[in-house]
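Structure, as C-alpha coordinates:
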Amino acid sequence: MPELPEVEVTRRGLLPHVVGRRIAEVVVRHRGLRWPVEPDLESQLAGRVIARIERRGKYLLLECVRPDGEAPGWLLIHLGMTGTLRVLPQAPPPGTHDHLDLVLAEPEGAGDALPGAATSLVLRFRDPRRFGAVLWSLLDESKLPTHPLLSKLGIEPFDPRFDGAWLYRLGRGRSAAIKTVLLAGDIVVGVGNIYASESLFAAGIRPTTPAGRLSLARCERLAEAVRDTLARAIERGGSTLRDFVGSDGSSGYFQLDCAVYDRAGHPCRVCGTTIRQIVQGQRSTFYCPSCQR
DNA sequence: CACGAGGCCTGGGCGC
DNA sequence: TGCGCCCAGGCCTCGT
(Lines give C-alpha, C1' and ligand atoms only; values in the text may rest on other atoms or scores of the structure.)
Protein backbone atom coordinates (compact mmCIF):
# COMPACT_ATOMS: atom_id res chain seq x y z
CA MET A 1 0.00 0.00 0.00
CA PRO A 2 2.28 2.67 1.18
CA GLU A 3 4.15 4.96 -1.10
CA LEU A 4 5.94 8.00 0.27
CA PRO A 5 2.76 9.98 1.03
CA GLU A 6 1.30 7.18 3.12
CA VAL A 7 4.57 6.77 5.01
CA GLU A 8 4.77 10.51 5.64
CA VAL A 9 1.16 10.62 6.83
CA THR A 10 1.90 7.71 9.15
CA ARG A 11 4.89 9.62 10.52
CA ARG A 12 2.82 12.73 11.17
CA GLY A 13 0.06 10.67 12.71
CA LEU A 14 2.45 8.98 15.12
CA LEU A 15 4.37 12.09 16.18
CA PRO A 16 2.00 13.59 18.77
CA HIS A 17 1.20 10.25 20.41
CA VAL A 18 4.50 8.47 20.44
CA VAL A 19 7.34 10.95 20.77
CA GLY A 20 8.53 11.30 24.37
CA ARG A 21 7.09 8.00 25.47
CA ARG A 22 9.10 5.20 27.05
CA ILE A 23 9.13 1.71 25.57
CA ALA A 24 7.94 -0.41 28.49
CA GLU A 25 7.67 -3.68 26.62
CA VAL A 26 8.46 -5.13 23.21
CA VAL A 27 6.39 -8.04 21.95
CA VAL A 28 7.55 -9.76 18.77
CA ARG A 29 5.20 -12.46 17.51
CA HIS A 30 6.68 -13.10 14.09
CA ARG A 31 10.35 -12.51 13.39
CA GLY A 32 10.15 -13.50 9.74
CA LEU A 33 9.79 -10.15 8.04
CA ARG A 34 11.74 -8.96 4.99
CA TRP A 35 14.77 -9.53 7.16
CA PRO A 36 14.59 -11.43 10.44
CA VAL A 37 13.86 -9.23 13.44
CA GLU A 38 17.08 -9.17 15.49
CA PRO A 39 17.06 -11.67 18.38
CA ASP A 40 17.99 -8.96 20.86
CA LEU A 41 15.56 -6.29 19.66
CA GLU A 42 13.51 -6.63 22.84
CA SER A 43 16.46 -6.12 25.15
CA GLN A 44 17.89 -3.34 23.01
CA LEU A 45 14.66 -1.35 22.97
CA ALA A 46 13.17 -1.88 26.40
CA GLY A 47 13.46 1.19 28.61
CA ARG A 48 14.37 3.54 25.77
CA VAL A 49 12.46 6.70 24.96
CA ILE A 50 11.28 7.48 21.44
CA ALA A 51 12.89 10.86 20.92
CA ARG A 52 12.11 11.59 17.27
CA ILE A 53 10.52 10.14 14.18
CA GLU A 54 12.16 10.93 10.86
CA ARG A 55 11.63 9.59 7.38
CA ARG A 56 14.05 8.74 4.60
CA GLY A 57 12.38 7.57 1.42
CA LYS A 58 9.81 5.06 2.60
CA TYR A 59 11.75 4.19 5.75
CA LEU A 60 10.51 5.48 9.08
CA LEU A 61 13.37 6.21 11.46
CA LEU A 62 12.58 6.24 15.18
CA GLU A 63 15.35 7.58 17.33
CA CYS A 64 15.31 5.64 20.59
CA VAL A 65 17.46 6.98 23.41
CA ARG A 66 18.44 5.42 26.73
CA PRO A 67 17.63 7.41 29.85
CA ASP A 68 21.35 7.62 30.59
CA GLY A 69 21.85 9.19 27.17
CA GLU A 70 24.32 6.49 26.14
CA ALA A 71 24.28 4.56 22.86
CA PRO A 72 21.40 6.24 21.06
CA GLY A 73 19.95 4.01 18.37
CA TRP A 74 17.47 3.93 15.55
CA LEU A 75 14.56 1.69 14.81
CA LEU A 76 14.16 1.45 11.04
CA ILE A 77 10.68 0.51 9.92
CA HIS A 78 9.60 -0.17 6.36
CA LEU A 79 5.95 -0.85 5.66
CA GLY A 80 6.58 -2.87 2.52
CA MET A 81 3.42 -3.31 0.50
CA THR A 82 0.90 -4.07 3.19
CA GLY A 83 2.36 -2.74 6.42
CA THR A 84 0.57 -0.45 8.86
CA LEU A 85 1.55 1.17 12.14
CA ARG A 86 -1.25 2.08 14.47
CA VAL A 87 -1.56 3.64 17.90
CA LEU A 88 -4.00 1.75 20.11
CA PRO A 89 -5.14 3.06 23.50
CA GLN A 90 -6.76 -0.25 24.35
CA ALA A 91 -5.02 -2.87 22.29
CA PRO A 92 -7.38 -5.58 21.11
CA PRO A 93 -6.03 -9.15 21.04
CA PRO A 94 -3.48 -9.38 18.25
CA GLY A 95 -4.55 -10.79 14.91
CA THR A 96 -2.57 -13.21 12.75
CA HIS A 97 -0.60 -10.46 11.06
CA ASP A 98 0.11 -8.26 14.07
CA HIS A 99 3.79 -9.09 14.21
CA LEU A 100 5.11 -6.57 16.68
CA ASP A 101 3.88 -4.35 19.54
CA LEU A 102 5.71 -1.61 21.35
CA VAL A 103 3.99 -0.95 24.66
CA LEU A 104 4.54 2.72 25.40
CA ALA A 105 4.37 4.11 28.90
CA GLU A 106 3.55 7.61 29.99
CA PRO A 107 6.63 9.82 29.89
CA GLU A 108 8.56 9.92 33.19
CA GLY A 109 7.16 12.30 35.78
CA ALA A 110 4.04 13.14 33.79
CA GLY A 111 1.59 12.86 36.63
CA ASP A 112 1.38 9.16 37.40
CA ALA A 113 -2.07 9.15 38.95
CA LEU A 114 -2.99 5.92 37.25
CA PRO A 115 0.24 4.15 36.48
CA GLY A 116 0.28 1.12 34.25
CA ALA A 117 -2.20 -0.09 31.72
CA ALA A 118 -4.58 2.84 31.87
CA THR A 119 -2.00 5.32 30.63
CA SER A 120 -0.10 3.11 28.22
CA LEU A 121 -0.48 2.90 24.47
CA VAL A 122 0.39 0.17 22.05
CA LEU A 123 2.17 0.92 18.80
CA ARG A 124 1.27 -2.05 16.62
CA PHE A 125 2.97 -3.15 13.41
CA ARG A 126 0.76 -5.24 11.13
CA ASP A 127 1.93 -6.61 7.80
CA PRO A 128 0.05 -9.49 6.14
CA ARG A 129 2.45 -9.86 3.27
CA ARG A 130 5.58 -9.40 5.37
CA PHE A 131 7.52 -7.40 2.82
CA GLY A 132 8.04 -4.86 5.55
CA ALA A 133 10.98 -4.64 7.92
CA VAL A 134 11.83 -3.67 11.50
CA LEU A 135 15.54 -3.23 12.06
CA TRP A 136 17.71 -1.92 14.86
CA SER A 137 20.77 0.21 14.26
CA LEU A 138 23.23 1.72 16.72
CA LEU A 139 24.65 4.16 14.18
CA ASP A 140 24.51 7.72 15.40
CA GLU A 141 22.69 10.36 13.42
CA SER A 142 25.67 11.45 11.37
CA LYS A 143 26.43 7.87 10.34
CA LEU A 144 22.88 6.70 9.76
CA PRO A 145 22.92 7.65 6.05
CA THR A 146 25.72 5.11 5.60
CA HIS A 147 23.38 2.29 6.64
CA PRO A 148 23.37 -0.25 3.77
CA LEU A 149 19.63 0.19 3.23
CA LEU A 150 19.80 3.97 3.16
CA SER A 151 23.11 4.71 1.50
CA LYS A 152 22.02 4.19 -2.09
CA LEU A 153 18.78 6.12 -1.92
CA GLY A 154 18.26 9.11 -4.19
CA ILE A 155 17.39 12.51 -2.76
CA GLU A 156 14.05 13.41 -1.24
CA PRO A 157 11.47 14.79 -3.68
CA PHE A 158 11.03 17.87 -1.46
CA ASP A 159 14.75 18.52 -1.19
CA PRO A 160 15.37 21.90 -2.86
CA ARG A 161 18.13 20.27 -4.89
CA PHE A 162 15.59 18.06 -6.61
CA ASP A 163 14.59 19.87 -9.78
CA GLY A 164 14.63 19.47 -13.54
CA ALA A 165 18.37 19.99 -13.74
CA TRP A 166 18.96 17.23 -11.18
CA LEU A 167 16.73 14.84 -13.08
CA TYR A 168 18.32 15.79 -16.37
CA ARG A 169 21.88 15.40 -15.12
CA LEU A 170 21.38 12.04 -13.42
CA GLY A 171 19.28 10.74 -16.29
CA ARG A 172 22.07 11.22 -18.83
CA GLY A 173 23.35 7.99 -20.31
CA ARG A 174 20.42 5.96 -19.04
CA SER A 175 18.60 4.02 -21.71
CA ALA A 176 15.93 2.54 -19.43
CA ALA A 177 12.39 3.90 -19.61
CA ILE A 178 11.74 6.96 -17.46
CA LYS A 179 9.00 5.11 -15.54
CA THR A 180 11.44 2.37 -14.57
CA VAL A 181 14.10 4.92 -13.64
CA LEU A 182 11.70 6.90 -11.44
CA LEU A 183 10.71 3.70 -9.68
CA ALA A 184 14.30 2.63 -9.12
CA GLY A 185 14.68 5.35 -6.50
CA ASP A 186 18.34 6.08 -7.03
CA ILE A 187 17.68 9.53 -8.54
CA VAL A 188 14.74 10.54 -6.37
CA VAL A 189 13.01 8.47 -3.68
CA GLY A 190 9.36 8.00 -2.88
CA VAL A 191 7.84 7.55 -6.30
CA GLY A 192 6.05 4.21 -6.26
CA ASN A 193 4.12 2.49 -8.98
CA ILE A 194 0.96 4.56 -8.64
CA TYR A 195 2.55 7.97 -8.40
CA ALA A 196 5.05 7.16 -11.17
CA SER A 197 2.17 6.73 -13.61
CA GLU A 198 0.35 9.75 -12.20
CA SER A 199 3.41 12.02 -12.29
CA LEU A 200 4.21 11.09 -15.89
CA PHE A 201 0.64 11.83 -16.87
CA ALA A 202 0.78 15.21 -15.15
CA ALA A 203 4.00 15.99 -17.02
CA GLY A 204 2.65 14.77 -20.37
CA ILE A 205 5.51 12.30 -20.80
CA ARG A 206 5.21 8.80 -22.29
CA PRO A 207 6.39 6.30 -19.63
CA THR A 208 8.43 4.35 -22.18
CA THR A 209 10.64 7.31 -23.12
CA PRO A 210 14.29 6.50 -22.41
CA ALA A 211 15.31 8.58 -19.40
CA GLY A 212 18.39 9.89 -21.14
CA ARG A 213 16.39 11.29 -24.03
CA LEU A 214 14.30 13.74 -22.01
CA SER A 215 15.05 17.39 -22.65
CA LEU A 216 15.85 19.70 -19.76
CA ALA A 217 12.46 21.38 -20.21
CA ARG A 218 10.62 18.07 -19.93
CA CYS A 219 12.70 17.12 -16.90
CA GLU A 220 11.61 20.36 -15.28
CA ARG A 221 7.97 19.53 -15.90
CA LEU A 222 8.48 16.05 -14.53
CA ALA A 223 10.24 17.18 -11.37
CA GLU A 224 7.42 19.60 -10.70
CA ALA A 225 4.83 16.91 -11.40
CA VAL A 226 6.50 14.50 -8.98
CA ARG A 227 6.56 17.11 -6.22
CA ASP A 228 2.97 18.19 -6.82
CA THR A 229 1.60 14.68 -7.06
CA LEU A 230 3.25 13.59 -3.82
CA ALA A 231 2.42 16.82 -1.99
CA ARG A 232 -1.24 16.58 -2.94
CA ALA A 233 -1.41 12.99 -1.77
CA ILE A 234 0.14 13.93 1.58
CA GLU A 235 -2.37 16.76 1.96
CA ARG A 236 -5.22 14.43 1.24
CA GLY A 237 -3.92 11.91 3.77
CA GLY A 238 -3.36 14.64 6.32
CA SER A 239 -7.07 15.21 6.53
CA THR A 240 -7.44 11.78 8.14
CA LEU A 241 -4.87 12.43 10.86
CA ARG A 242 -7.33 13.28 13.60
CA ASP A 243 -8.59 9.70 13.34
CA PHE A 244 -5.14 8.23 13.61
CA VAL A 245 -5.41 6.82 17.11
CA GLY A 246 -7.31 3.63 17.52
CA SER A 247 -8.43 3.55 13.94
CA ASP A 248 -9.25 0.42 12.02
CA GLY A 249 -6.22 0.97 9.84
CA SER A 250 -7.99 2.70 7.01
CA SER A 251 -7.08 6.12 8.21
CA GLY A 252 -3.72 7.40 7.14
CA TYR A 253 -4.36 5.72 3.81
CA PHE A 254 -6.34 7.23 1.09
CA GLN A 255 -7.69 6.82 -2.36
CA LEU A 256 -6.35 9.43 -4.67
CA ASP A 257 -8.71 9.83 -7.56
CA CYS A 258 -6.18 8.79 -10.12
CA ALA A 259 -5.95 10.23 -13.60
CA VAL A 260 -4.56 7.07 -15.15
CA TYR A 261 -3.60 4.47 -12.54
CA ASP A 262 -5.92 1.45 -12.67
CA ARG A 263 -8.02 3.16 -15.31
CA ALA A 264 -7.17 0.98 -18.33
CA GLY A 265 -10.00 1.04 -20.85
CA HIS A 266 -11.56 4.15 -19.32
CA PRO A 267 -11.56 7.54 -21.02
CA CYS A 268 -8.81 10.02 -20.18
CA ARG A 269 -10.27 12.68 -17.90
CA VAL A 270 -8.59 15.35 -20.02
CA CYS A 271 -9.06 14.27 -23.64
CA GLY A 272 -11.31 11.22 -23.57
CA THR A 273 -8.80 8.89 -25.23
CA THR A 274 -8.84 5.35 -23.84
CA ILE A 275 -6.21 4.83 -21.12
CA ARG A 276 -3.70 2.10 -21.89
CA GLN A 277 -2.02 -0.42 -19.63
CA ILE A 278 1.39 -1.86 -20.36
CA VAL A 279 3.99 -3.80 -18.36
CA GLN A 280 7.39 -2.32 -17.57
CA GLY A 281 9.86 -4.11 -15.35
CA GLN A 282 7.12 -6.59 -14.36
CA ARG A 283 4.94 -3.76 -13.10
CA SER A 284 1.81 -2.26 -14.59
CA THR A 285 2.02 1.19 -16.14
CA PHE A 286 -0.98 3.28 -17.16
CA TYR A 287 -0.92 6.23 -19.55
CA CYS A 288 -2.95 8.28 -21.97
CA PRO A 289 -1.57 7.75 -25.49
CA SER A 290 -2.82 11.16 -26.53
CA CYS A 291 -1.82 13.39 -23.59
CA GLN A 292 1.54 11.66 -23.11
CA ARG A 293 4.00 11.77 -25.99
C1' DC B 1 27.95 0.29 -14.28
C1' DA B 2 23.25 -0.20 -15.94
C1' DC B 3 19.63 -3.19 -16.72
C1' DG B 4 16.15 -6.80 -16.17
C1' DA B 5 14.48 -10.78 -13.95
C1' DG B 6 13.72 -13.43 -9.67
C1' DG B 7 12.09 -13.84 -5.32
C1' DC B 8 10.08 -12.87 -0.88
C1' DC B 9 4.77 -13.51 1.23
C1' DT B 10 -0.46 -13.47 1.79
C1' DG B 11 -5.05 -12.33 0.24
C1' DG B 12 -8.55 -11.02 -2.94
C1' DG B 13 -10.83 -11.44 -7.26
C1' DC B 14 -11.88 -13.95 -11.16
C1' DG B 15 -13.05 -17.87 -14.33
C1' DC B 16 -14.25 -22.51 -14.56
C1' DT C 1 -19.18 -23.62 -3.14
C1' DG C 2 -14.48 -24.78 -4.27
C1' DC C 3 -10.24 -24.57 -6.56
C1' DG C 4 -6.50 -22.86 -9.17
C1' DC C 5 -4.61 -19.00 -11.27
C1' DC C 6 -3.30 -14.29 -11.60
C1' DC C 7 -2.52 -10.01 -9.68
C1' DA C 8 -1.20 -6.58 -6.11
C1' DG C 9 0.90 0.17 -4.28
C1' DG C 10 8.29 -2.55 -2.60
C1' DC C 11 12.72 -3.35 -3.27
C1' DC C 12 16.92 -6.12 -2.44
C1' DT C 13 19.97 -9.32 -4.83
C1' DC C 14 21.99 -11.52 -8.50
C1' DG C 15 23.31 -12.65 -13.30
C1' DT C 16 24.34 -10.64 -17.69
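Below, read A as the first sequence line, B as the second, and so on, with proteins coming before strands; counting in each chain starts at 1.
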Using a 3.5 Å limit on both pairing distances, list the dot-bracket string of DNA chain B from the 5' end; Watson-Crick and G-U wobble pairs count, crossing pairs take [ ], interstrand pairs take |.
.|||||||.|||||||
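Applying the side chain to side chain donor-acceptor pair (under 3.5 Å) test to A:H266 and every residue at least two apart in sequence or in another chain returns nothing. Residues that satisfy the side chain to side chain contact (heavy atoms under 4.5 Å, CB included) test with A:V65, not counting sequence neighbours, are A:V49, A:A51, A:E63, A:P72. A:D159 meets the salt bridge (Lys or Arg N to Asp or Glu O under 4.0 Å) test with A:R161; sequence neighbours excluded. A:A231 pairs by the side chain to side chain contact (heavy atoms under 4.5 Å, CB included) definition with A:F158, not counting sequence neighbours. In this structure A:F131 satisfies the ring-ring contact (aromatic ring centres under 6.0 Å, His included) test with no other residue, sequence neighbours excluded. Qualifying ring-ring contact (aromatic ring centres under 6.0 Å, His included) partners for A:F125, counting only residues two or more places apart in sequence or in other chains: none.
Distance, A:R56 CZ to C:dC11 C1': 15 Å, rounded to whole Å. The nearest whole Å value for the distance from the NZ atom in A:K152 to the C1' atom in C:dC12 is 10 Å. In this structure, the CD atom of A:E3 is 5 Å from the P atom of C:dG10, given to the nearest Å. Regarding A:L76, its CG atom lies at a distance of 12 Å from the P atom of C:dC12, rounded to whole Å. The interatomic distance linking A:D186 (CG) with C:dT13 (C1') rounds to 15 Å, in whole Å. In this structure, A:Q282 atom CD and C:dG10 atom C1' are separated by 13 Å, rounded to whole Å. In this structure, A:R236 places its CZ atom 20 Å from P of C:dG9, rounding to the nearest Å. In this structure, OH of A:Y195 is placed 17 Å from P of C:dA8, rounded to the nearest angstrom.
For the pair A:T82 and C:dG9, the criterion of a side-chain N or O lying under 4.0 Å from OP1 or OP2 is not met. OP1 or OP2 of C:dC12 sits under 4.0 Å from a side-chain N or O of A:Y59.
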Result block: side-chain N/O donor-acceptor pairs under 3.5 angstrom for residues 274-283 of chain A, not counting sequence neighbours:
from, atom 1, to, atom 2, distance (Å)
A:Q277, NE2, A:S284, OG, 2.9
A:Q280, OE1, A:T285, OG1, 2.7
A:Q280, NE2, A:P207, O, 3.3

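Straight-line distance between the P atoms of C:dC7 and B:dA5: roughly 15 Å, to the nearest whole Å.
A:H78 and A:R34 share no side-chain donor-acceptor pair at under 3.5 Å.
The nucleotide range of DNA chain B contacted by chain A, defined by atoms under 4.0 angstrom from heavy atoms of the protein and reported 5' to 3', is B:dC3 to B:dG11.
DNA chain C is contacted by A:R34, A:W35 of residues 26-39 of chain A, taking any non-hydrogen atom closer than 4.0 Å. Near DNA chain C, defined here as any heavy-atom distance below 4.0 Å, the residues from residues 128-136 of chain A are A:R129, A:F131, listed numerically.
The ring-ring contact (aromatic ring centres under 6.0 Å, His included) contacts involving residues 204-224 of chain A comprise nothing, where partners must be two or more places apart or lie in separate chains.
Under a hydrophobic-cluster definition in which Ile, Leu, Val, Met, Phe, Trp and Tyr are linked whenever side-chain heavy atoms come within less than 4.5 Å, directly or via other members, A:V18 and A:L102 are assigned to the same cluster.
Within 4.0 Å (heavy atoms only), A:L149 reaches sugar-phosphate atoms of the nucleic acid but no base atom.
Under a 4.0 Å N-O distance rule, the pair A:R48/A:D68 does not qualify as a salt bridge. Comment: A:E235 does not engage A:R232 in a salt bridge, judged by the lack of any side-chain N to carboxylate O separation of less than 4.0 angstrom.
Side-chain atoms of A:D127 and A:H97, non-hydrogen and from C-beta on, never get closer than 4.5 Å to each other.
A cation-pi arrangement, defined by a distance under 6.0 Å to the six-membered ring centre and an angle within 45 degrees of its axis, is present between A:R172 and A:Y168.
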